[in-house]
Amino acid sequence: MVTITLLCSSVLVGGFGYLIADSSTTSLLTGAEEDAEGQFLKGVRDATDQLKSMPSAESPDMPRQVVGLLGTLAGPGQGSVVVSMQFSKERVNLPGGGDGLSWPQGPNLDEVITDELKDSITKTGDYYHQYVSANLKDPDTGHGRTRTYLVYGSPVPAPKWTNGSVELYYLFPVDTEVEVAEDIRSTVSFVGVALVLLLGMVTALVTRATVSPVRVAARTAQRLSAGLLDQRMVVKGEDEMALLADAFNQMAANLQRQIVRLEEMSRLQRRFTSDVSHELRTPLTTVRMAADLLYSQREDFDPASARSAELLQAELDRFEELLTDLLEISRFDAGFAMLDSEPTDLVTVVRRVTERLAPVAERVGVSLELVSPDPPIIAEIDPRRVERILRNLVGNAVDHGEARPVTITLGIDARAVAITVRDHGVGLKPGEDKLVFNRFWRADPSRARQTGGTGLGLSISLEDARLHGGWLEAWGVPGHGAQFRLTLPVRAGGRLSGSPLPLVPADEVVVRQRADRPEVPA
């Protein structure tokens, strides 16, 4: 803000200062030109009248008469005005107030009466003026100083005896006017610089007074966003900034109350889930013992009772899985989940998962294929959690694979390991690649599951991946199947910058490239 103010004020003050200085200089020089022009034109008329009264150039008194004429034109009251008259190639000069009698006499005016001035007079046949800086040294003493002159020149109608042209020149010193103009420029420049600096100081003070509360508010907001909910601004005075600080403090207090309320509700919810899950363990154990007894003796029951015992056993298994998942979710929500990392061969983990789910996959006509580099593939992971992730991913692929093969691929590089689970079933609609990790979300609630499931498997898998510092991502297209990719750091605590395996399957990339390629007519 200060820089912008200085730039703008510099331009404005500089422009106005230039106009004022230029206007003052023009006024001073215009007045000097008007006075000089009046005197010059009077001198031209007098010179014309007196030249007509002179008898001839052969008159022995001619030099004295010309010098007298110049003395009359200059006049003793004209100060430093210099008058020069050119007869063909000879010139007579006389400074104001002088009465010399030599021919020619006076200072050398070649430096002042320029060729440009003489050419202008010759071409126009009228008077002309210009400003010239010159040092007219005194012919007797040889001393002088550089001064600024307003030079007027004009042809003078002369009698025939002059046998040529006569030109009259007046030199008016304008040092005073030039010095006054320079003083005005200096004063305007000094005042302009002082005004710009003053504006800069005022702007800096005003900006500081305005921005300081905003900076305090920004710092307070940063502390609030960092979790320091008791931070408040200091309210001073009753101006707009005080109103802003008071409104900010009220907003912060309301936010603190809402956040504390939500945290308390979340804490109570987590505690309720954990307590309920724990409390259900005891009756579940009792029911499990009774159900196991009934299930073991189902062959002695009638068909309806035997089927009921089987259904009771299956639902108790699912209920037990649900309680286990709820307890795990409550640990994640409470921040109590711990990672037990150890160097593990991922190929062994994947094979253990496929062997466990192979009977289910065979029952629905799904074949499980494993693609991996040469074993072993060692990474520092929690084998229990990674096995649970893979069990959820492979089970989900079997349920939605539409009796088509499911491919599990492993990849590794210097910093990360990756596992993809690819099915060729119903796929995912746009946007479902994010929803699929929500708790209790199902793309098609009417679809029958082959591996049971509680609706929390992928949510727990996502939390397990994050606990490792890894990624769990999904890709899918309706009718083209889906692929889930798990990426984990090779070393515990490492940071990921990429994955060894692509999220989009290679066969799908080829299909897209062919679809985008324009057909070439045969």
Side chain of H468, backbone of A492: donor and acceptor closer than 3.5 Å? no
Decide side chain to side chain contact (heavy atoms under 4.5 Å, CB included) for R298 and S305; before the verdict, give the C-alpha distance in whole Å, the side-chain angles of both, and the deciding distance to 0.1 Å. CA-CA 7 Å; R298 68 184 183 282; S305 299; over 6 Å; no
Identify the heavy atoms of R495 and R415 that sit nearest to each other, and give their distance. O-NH2, 3.1 Å
Polar side chain donor-acceptor pair, Q250 to R232, under 3.5 angstrom: no
Measure the CH2-CG distance between W475 and L428 for me, rounded to the nearest 0.5 Å. 9.0 Å
With the side chain counted from C-beta on, respond yes when V386 and D464 share a heavy-atom pair under 4.5 Å apart, and no when they do not. no
Just wondering, do R351 and L370 contact through their side chains at under 4.5 Å, heavy atoms? yes
Please check if the side chain of E432 supplies one atom and the backbone of K429 the other of a donor-acceptor pair under 3.5 Å. yes
Between Y149 and V174, is the side chain to side chain contact (heavy atoms under 4.5 Å, CB included) condition met? List the steps. CA-CA 6 Å; Y149 292 92; V174 289; 6.0 Å; no
R356 atom CZ, over 12 foreign heavy atoms within 6.0 Å: no
CA sep, side-chain torsions, deciding dist, call: L346, I419, side chain to side chain contact (heavy atoms under 4.5 Å, CB included): CA-CA 9 Å; L346 281 174; I419 304 173; 4.2 Å; yes
Could you give the distance from CG (L312) to CG (L294), rounded to the nearest 0.5 Å? 7.0 Å
Measure from the side-chain N and O atoms of N392 to the backbone N and O of R388, and report whether any donor-acceptor pair falls under 3.5 Å. yes
Counting N and O atoms only, with roles assigned by atom type, does the side chain of E473 sit under 3.5 Å from a partner on the main chain of L503, one being a donor and the other an acceptor? no
Taking all atoms of both residues into account, what is the closest heavy-atom pair of I381 and P383, and its distance? O-CD, 3.2 Å
Could you state the interatomic distance from CD1 (I378) to CG (D345), rounded to the nearest 0.5 Å? 4.5 Å
Atom pair CZ (R257) and CG (L255), whose distance is rounded to the nearest 0.5 Å: 9.5 Å
R307/E310 salt bridge by N-O under 4.0 Å criterion: yes
Determine whether a donor-acceptor pair (N or O, by modelled atom type, separation under 3.5 Å) exists between the side chain of T344 and the backbone of E342. yes
Looking only at non-hydrogen atoms, find the nearest pair between I412 and P500 and report the distance. N-CB, 3.8 Å
Can you give me the closest heavy-atom contact between I184 and L28, atom names plus distance? CD1-CD1, 4.1 Å
For the pair D423 and R404, find out whether any cationic side-chain nitrogen is under 4.0 Å from an anionic carboxylate oxygen. no
L368 side chain reached by V398 side chain, heavy atoms, under 4.5 Å: yes
Going through the checks in order, is the salt bridge (Lys or Arg N to Asp or Glu O under 4.0 Å) test met by R185 and E182? CA-CA 5 Å; R185 290 193 186 94; E182 291 295 334; 3.1 Å; yes
Within 6.0 Å of CE in M251, more than 12 heavy atoms from elsewhere: yes
So T148 and V132, side chain to side chain contact (heavy atoms under 4.5 Å, CB included) or not? Walk me through it. CA-CA 6 Å; T148 302; V132 179; over 6 Å; no
Do the side chain of R385 and the main chain of L339 share a donor and acceptor less than 3.5 angstrom apart? no
Evaluate whether atom CZ of F16 has more than 12 neighbouring non-hydrogen atoms of other residues, nucleotides or ligands under 6.0 angstrom away. no
Nearest 0.5 Å, please: how far is OG in S120 from CD in Q130? 7.0 Å
Does any non-hydrogen side-chain atom of Q483 lie less than 4.5 Å from one of V504? no
Student check: side-chain heavy atoms of Y131 and L29 closer than 4.5 Å: yes
Among T487, D413, T420, find the one that has a side chain to side chain donor-acceptor pair (under 3.5 Å) with S499. T487
Could you give the distance from CZ (R363) to CG (L357), rounded to the nearest 0.5 Å? 10.5 Å
Report yes or no: does D246 contribute a side-chain atom to a donor-acceptor pair with the main-chain N or O of A242 at less than 3.5 Å? no
Close side-chain approach of W471 to L488, heavy-atom, < 4.5 Å: no
Between the main-chain N or O of G401 and the side-chain N or O of H424, is there a donor-acceptor pair closer than 3.5 Å? no
Would you check if the side chain of D382 reaches a backbone N or O of D340 as a donor-acceptor pair within less than 3.5 Å? yes
Heavy atoms of G498 and A416 approach each other most closely as O-CB, 3.9 Å
Heavy atoms only: give me the nearest V353-E387 pair and the separation to one decimal. CG2-CG, 3.6 Å
